[in-house]
Amino acid sequence: MDKYKAIIFDMDGVLVDTEQFYYDRRQDFMNSQGISIDHLKPSFFIGGNMKGIWPKILGEDYGKWDIEKLQKDYVNHKKNYPLPYKELLFDNVDKVLSTLKKAGYKLALASSSTNHDIDLMLEENNLRKHFSIILSGEDFKETKPNPEIYITAINQLGVDSQDVLIIEDSEKGIEAGVNAGADVWAIEDTRFGMNQSKADMQVSGLSEVVSRLV
């Protein structure tokens with residue numbers, strides 16, 4: 001399939017199987033603070049970051065909390081429990097990226113994760129060499145589902161949006177990709193109940209992406 005000139009990858013749930021680790025780590029922190037998140041579906045948290053969703057988490061109690069301190073404490077909690085990215089890397093990621101790059105596709109990474117986490121994942125798995133553009137949601141005023149991160153990646157790649165394929169998994173990420181004007185393929189979710197209906201296609205994994213493109 002020679003429709004596309006560039007492919008933009010999300011990170012969590014696409015390159016690394018981090019979502020269950022995130023869920024457990026987040027739950028541990030909330031329990032330590034006496035905060036319940038039982039009113040929110042697990043899929044609500046996937047694809048964005050915590051900074052902008054405290055109002056949804058805290059509801060009517062939002063005004064009772066020092067949100068700046070709460071966010072800082074959560075960041076520190078994350079640092080104390082770093083992700084084991086080598087263990088969480090999906091199978092054949094390096095081979096998939098290498099194959100796509102050799103086939104002539106420009107590759108970019110656009111993740112809602114922090115720069116620190118993106119750098120750690122890339123370094124631990126020696127994947128930085130594959131990407132010409134690497135963007136973090138941390139560097140944008142709003143993260144996914146706002147399409148800005150994908151629009152910026154498309155512009156930096158120097159291609160038109162209709163020539164771009166985005167690989168996502170989350171509802172927020174899919175919406176961001178669609179609103180950026182690109183085609184979006186979703187890595188099929190079988191665990192978290194994510195609504196992936198806005199994606200142009202569902203694929204079983206990265207190996208299927210390669211088989212359809214190369």
Side-chain angles (χ1 to χ4, degrees), residues 1-19 46-47 83 85-113 115 117-137 139-140 143-144 147-190 194 196 198-214:
M1 186 183 294
D2 57 3
K3 176 182 178 182
Y4 305 111
K5 296 178 181 178
I7 306 170
I8 307 174
F9 291 85
D10 175 43
M11 185 174 86
D12 297 298
V14 173
L15 302 181
V16 280
D17 189 13
T18 51
E19 304 299 3
I46 297 175
L83 286 102
Y85 281 118
K86 276 192 175 182
E87 298 173 23
L88 298 174
L89 188 72
F90 281 119
D91 292 339
N92 301 319
V93 170
D94 186 70
K95 182 179 179 181
V96 163
L97 296 176
S98 179
T99 300
L100 292 171
K101 191 172 182 180
K102 286 178 182 176
Y105 294 101
K106 296 180 178 181
L107 304 184
L109 180 64
S111 169
S112 294
S113 289
N115 284 296
D117 283 349
I118 293 170
D119 288 343
L120 193 62
M121 190 284 290
L122 293 173
E123 293 304 318
E124 286 192 6
N125 294 300
N126 192 29
L127 298 178
R128 187 180 299 276
K129 60 192 176 188
H130 298 300
F131 298 104
S132 57
I133 304 294
I134 298 167
L135 298 176
S136 164
D139 297 324
F140 294 85
T143 187
K144 304 171 188 176
E148 185 182 6
I149 190 171
Y150 281 132
I151 292 171
T152 300
I154 290 166
N155 289 338
Q156 291 187 9
L157 286 165
V159 294
D160 294 328
S161 59
Q162 63 264 29
D163 296 326
V164 173
L165 173 64
I166 291 172
I167 310 297
E168 264 287 356
D169 68 318
S170 71
E171 297 171 36
K172 295 182 180 71
I174 292 167
E175 183 178 346
V178 170
N179 288 339
D183 282 359
V184 181
W185 292 2
I187 304 295
E188 186 176 7
D189 166 49
T190 59
M194 289 188 282
Q196 299 179 317
K198 291 183 179 179
D200 296 283
M201 184 186 300
Q202 284 181 310
V203 292
S204 59
L206 293 177
S207 294
E208 184 178 348
V209 172
V210 170
S211 68
R212 289 181 176 274
L213 294 177
V214 179

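Everything numeric in this text was worked out from a predicted model, so none of it was measured. Worth knowing before you read on, the calculation uses all heavy atoms, side chains too, and leaves out hydrogens, waters and symmetry mates.
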Asks: Report the C-alpha distance between M121 and L127 in whole Å, list the side-chain angles of each, state the deciding distance to 0.1 Å, and finish with yes or no for side-chain contact (heavy atoms from CB on, under 4.5 Å).
Replies: CA-CA 8 Å; M121 190 284 290; L127 298 178; 3.8 Å; yes

Asks: Taking T99 for its side chain and K95 for its backbone only, find out whether a donor-acceptor pair lies under 3.5 Å.
Replies: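 Yes, T99 side chain to K95 backbone: donor-acceptor pair under 3.5 Å.
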
Asks: Working note: V93 + H130, criterion side-chain contact (heavy atoms from CB on, under 4.5 Å); need CA distance, chi angles, decisive distance, verdict.
Replies: CA-CA 11 Å; V93 170; H130 298 300; over 6 Å; no

Asks: Indicate whether the side chain of D12 and that of S113 have a donor and an acceptor atom separated by less than 3.5 Å.
Replies: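 The criterion, which ignores hydrogens and geometry beyond distance, is satisfied for S113 and D12.
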
Asks: Using a 4.5 Å cut-off on heavy atoms from C-beta on, say whether the side chain of I7 contacts that of K106.
Replies: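 In short, these two side chains do not touch, never coming nearer than 4.5 Å.
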
Asks: State, to 0.1 Å, how close T143 and G137 come at their nearest heavy-atom pair, and which atoms those are.
Replies: OG1-CA, 4.1 Å

Asks: Please tell me if the side chains of L109 and I8 come closer than 4.5 Å, counting only heavy atoms from C-beta onward.
Replies: no

Asks: Could you point out which residue of I133, L157, L135 forms a side-chain contact (heavy atoms from CB on, under 4.5 Å) with T152?
Replies: L135

Asks: Carefully, step by step, assess L213 and L165 under the rule side-chain contact (heavy atoms from CB on, under 4.5 Å).
Replies: CA-CA 10 Å; L213 294 177; L165 173 64; 3.8 Å; yes

Asks: Of the non-hydrogen atoms in D10 and L15, which two are nearest, and what is the gap between them?
Replies: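 The answer is O-CG, 3.7 Å.
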
Asks: Do L97 and Y105 pass the side-chain contact (heavy atoms from CB on, under 4.5 Å) test, and can you show the C-alpha distance, the side-chain angles, and the key distance before you say yes or no?
Replies: CA-CA 10 Å; L97 296 176; Y105 294 101; over 6 Å; no

Asks: Quick one: pull up CG in L83 and CG in L120 and give me the separation to the nearest 0.5 Å.
Replies: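 CG of L120 is found 8.0 Å from CG of L83.
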
Asks: Any heavy-atom pair between the side chains of M194 and I46 that's under 4.5 Å?
Replies: yes

Asks: Sort and list the pairs that fulfil salt bridge (Lys or Arg N to Asp or Glu O under 4.0 Å) and have at least one residue in residues 155-164, not counting sequence neighbours.
Replies: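 Sorted pair list: K5-D163.
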
Asks: Nearest heavy-atom pair of A180 and S161: which atoms, and what distance?
Replies: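 Closest heavy-atom pair between A180 and S161: O-CB, 3.5 Å.
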
Asks: Name the one of I187, V203, V96 that satisfies side-chain contact (heavy atoms from CB on, under 4.5 Å) with E208?
Replies: V203

Asks: Check whether any side-chain heavy atom of K3 sits under 4.5 Å from a side-chain heavy atom of Q162, and report yes or no.
Replies: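 With C-beta onward as the side chain, the pair stays apart.
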
Asks: In Å, rounded to the nearest 0.5 Å, how long is the span from OH of Y85 to CG of L122?
Replies: 9.5 Å

Asks: Any side-chain heavy atom of L100 sitting closer than 4.5 Å to one from V214?
Replies: yes

Asks: Is atom NZ of K86 surrounded by more than 12 heavy atoms (other residues, nucleotides or ligands) closer than 6.0 Å?
Replies: no

Asks: Does Q196 reach the main-chain N or O of D189 with its side chain, forming a donor-acceptor pair under 3.5 Å?
Replies: yes

Asks: Measuring from atom OG of S111 to atom CG of D117, what distance do you get when rounded to the nearest 0.5 angstrom?
Replies: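 S111 OG to D117 CG: 8.0 Å, rounded to 0.5 Å.
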
Asks: Scan side-chain atoms only and decide if D183 and Y4 contain a donor-acceptor pair under the 3.5 Å cut-off.
Replies: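 A pair is found: one side chain offers a donor N or O, the other an acceptor, under 3.5 Å apart.
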
Asks: Strictly by salt bridge (Lys or Arg N to Asp or Glu O under 4.0 Å), give each pair with a member in residues 164-177 just once, sequence neighbours left out.
Replies: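 Residue pairs with at least one partner in residues 164-177: K144-E168.
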
Asks: Would you check if W185 and V14 make a side-chain contact, meaning some heavy-atom pair closer than 4.5 Å?
Replies: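 Contact flag for W185/V14 side chains = no.
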
Asks: Run the numbers on D139 and N115 for side-chain hydrogen bond (donor to acceptor under 3.5 Å, both in side chains), then give the verdict.
Replies: CA-CA 8 Å; D139 297 324; N115 284 296; 3.2 Å; yes

